[in-house]
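The structure appears below as structure tokens.
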Amino acid sequence: MAAIFTKAPGKIILFGEHAVVYGQPAIAIPVTRVNATASIVPEIQAEPGLVRIHAPDIQLNAELSTLAENHPLGSAVRLTMEWLKPEDIPSFTLQVTSTIPIASGMGSSAAIAVAIIRAVSDFLGSPLSAQDVSSLAFEVERIQHGTPSGIDNHVIAYQQPLVFQQGKPHQLLKIDQPTHWIIADSGESTPTRETVAAVRSLFDQEPEYIQPLFDSIGAIARDAKDALINGNLPRLGMLLNQNHALLKQVKVSSTRLDQLVQAALDAGAVGAKLSGGGRGGNIIALVSPEQVETVSTSLLKAGAVNIITTLLTGNEIP
Ligand code: PMV
């Protein structure tokens, strides 16, 4: 039985976060500059069924049977095995690593789940389709995050820019004109589960105030789809800025995020907004090719702790 190696990219949401939890469309893209990897080595000498998980990044080196039911790495392995129901499980060691910043809206947990699901299913001789990988990763995400919309597992399993809307088939986007994006980490973080819960309580208190904001965010995501495909910078810039203003009204921005958005715009970005759960995490800025350096430098000066620049092209982000 050969050794297996799989990878899954990070992701970033361009438009529609939070509103997507309430049925609106959102757009996300894979970011292959960062990724999660899973490798499996068969343990021929060990007794069948013995599975060891080694994740040096989180100092984990344990047998699967000793991990709690809801352990994120353990549940990705278990759910894949339950799905495939292999007759025999040969003994193996799974090693997991990731360069995706954690808790910053870049899909680290979904990417780790996708890499593990792919590795385990390949190792067991039954590689899964992107759709099945996505469904299983969603189950892992549910154990971890409660009520995820499903956008992370979709964009990461398919590794393509897409429009995601709950209850509808996703739409993969074929990008005709490349666009340059800067992802700037604020250095602060709030778990997505907390910001989603905060928005839920706001919605429950004042649905008549919040619902129109979600409707507007949904309209922006619909409008952004064609602008993204065609690389229409002025339109995308305007939509990014409008989306950020709406997210502020939903109270998921923060002083630091607003400062970074402003720094990007002051340095000449076409548009900018927070991305992901908010109250920390990343902002994204759309820039012309000539502005990449200037805007990146300004964001670092304004306090960003990490910058990832990325080009959205045909089918993936290099
Ligand atoms: O923080 P992230 O990038 O995982 O994004 C969360 C996106 C939300 O819309 C806030 C939640 C969700 O499950 O879609």
Side-chain angles (χ1 to χ4, degrees), residues 8-31 34-36 72 98 100-114 134-135 137-158 161-168 170 181 183-203 210-211 213-218 220-221 224 240 243-244 246-254 256-257 273-284 306 308 310 317:
K11 74 98 215 325
I12 201 88
I13 296 177
L14 300 188
F15 296 95
E17 50 274 271
H18 286 291
V20 69
V21 177
Y22 298 77
Q24 299 292 338
I27 300 180
I29 60 173
V31 179
V34 286
N35 51 57
S98 173
I100 305 171
I102 51 169
S104 68
M106 291 200 71
S108 129
S109 58
I112 289 170
V114 164
S134 175
S135 304
F138 182 63
E139 290 308 316
V140 179
E141 289 278 272
R142 274 228 295 229
I143 294 171
Q144 293 313 305
H145 305 298
T147 56
S149 64
I151 191 167
D152 280 22
N153 49 285
H154 270 84
V155 66
I156 291 168
Y158 284 87
L162 54 77
V163 178
F164 174 84
Q165 188 166 11
Q166 279 179 340
K168 292 200 173 167
H170 63 263
W181 297 82
I183 302 163
D185 189 342
S186 67
E188 298 174 338
S189 75
T190 301
T192 297
R193 141 174 112 281
E194 281 180 26
T195 58
V196 169
V199 173
R200 170 65 63 190
S201 83
L202 204 61
F203 182 80
I210 299 293
Q211 186 58 51
L213 302 178
F214 287 156
D215 292 343
S216 302
I217 292 175
I220 286 174
L240 285 165
N243 197 160
H244 184 72
L246 288 159
L247 288 167
K248 273 175 82 164
Q249 287 181 264
V250 183
K251 300 192 170 52
V252 291
S253 193
S254 66
R256 173 67 72 90
L257 290 171
K273 66 181 270 292
L274 73 85
S275 173
R279 298 193 183 167
N282 290 296
I283 68 125
I284 50 169
N306 188 35
I308 297 173
T310 190
I317 309 234

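All values below come from the heavy atoms of this structure, side chains included, with hydrogens, waters and symmetry mates left out. Every number for a ligand or one of its atoms is a count from 1 in the order of the listing.
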Quiz item: Taking the side chain from Q166 and the backbone from S149, do they hold a donor-acceptor pair closer than 3.5 Å?
Solution: yes

Quiz item: Any donor-acceptor pair under 3.5 Å linking the side chain of T195 with the backbone of G277?
Solution: yes

Self-check item: ligand 1: protein residues within heavy-atom distance under 4.0 Å
Solution: K11, I13, E17, H18, V20, V21, G105, P148, S149, I151, D152, T192, V196, G276, G277

In chain order, what residues pass the side chain to side chain contact (heavy atoms under 4.5 Å, CB included) check against [X], with sequence neighbours excluded?
X	value
S216	L246
A8	A111, V114, A115, R118, I156
V163	P25, I27, Q171, L173, K225

Quiz prompt | Candidate pair L14 and W181, rule side chain to side chain contact (heavy atoms under 4.5 Å, CB included), full reasoning | solution = CA-CA 10 Å; L14 300 188; W181 297 82; 3.8 Å; yes

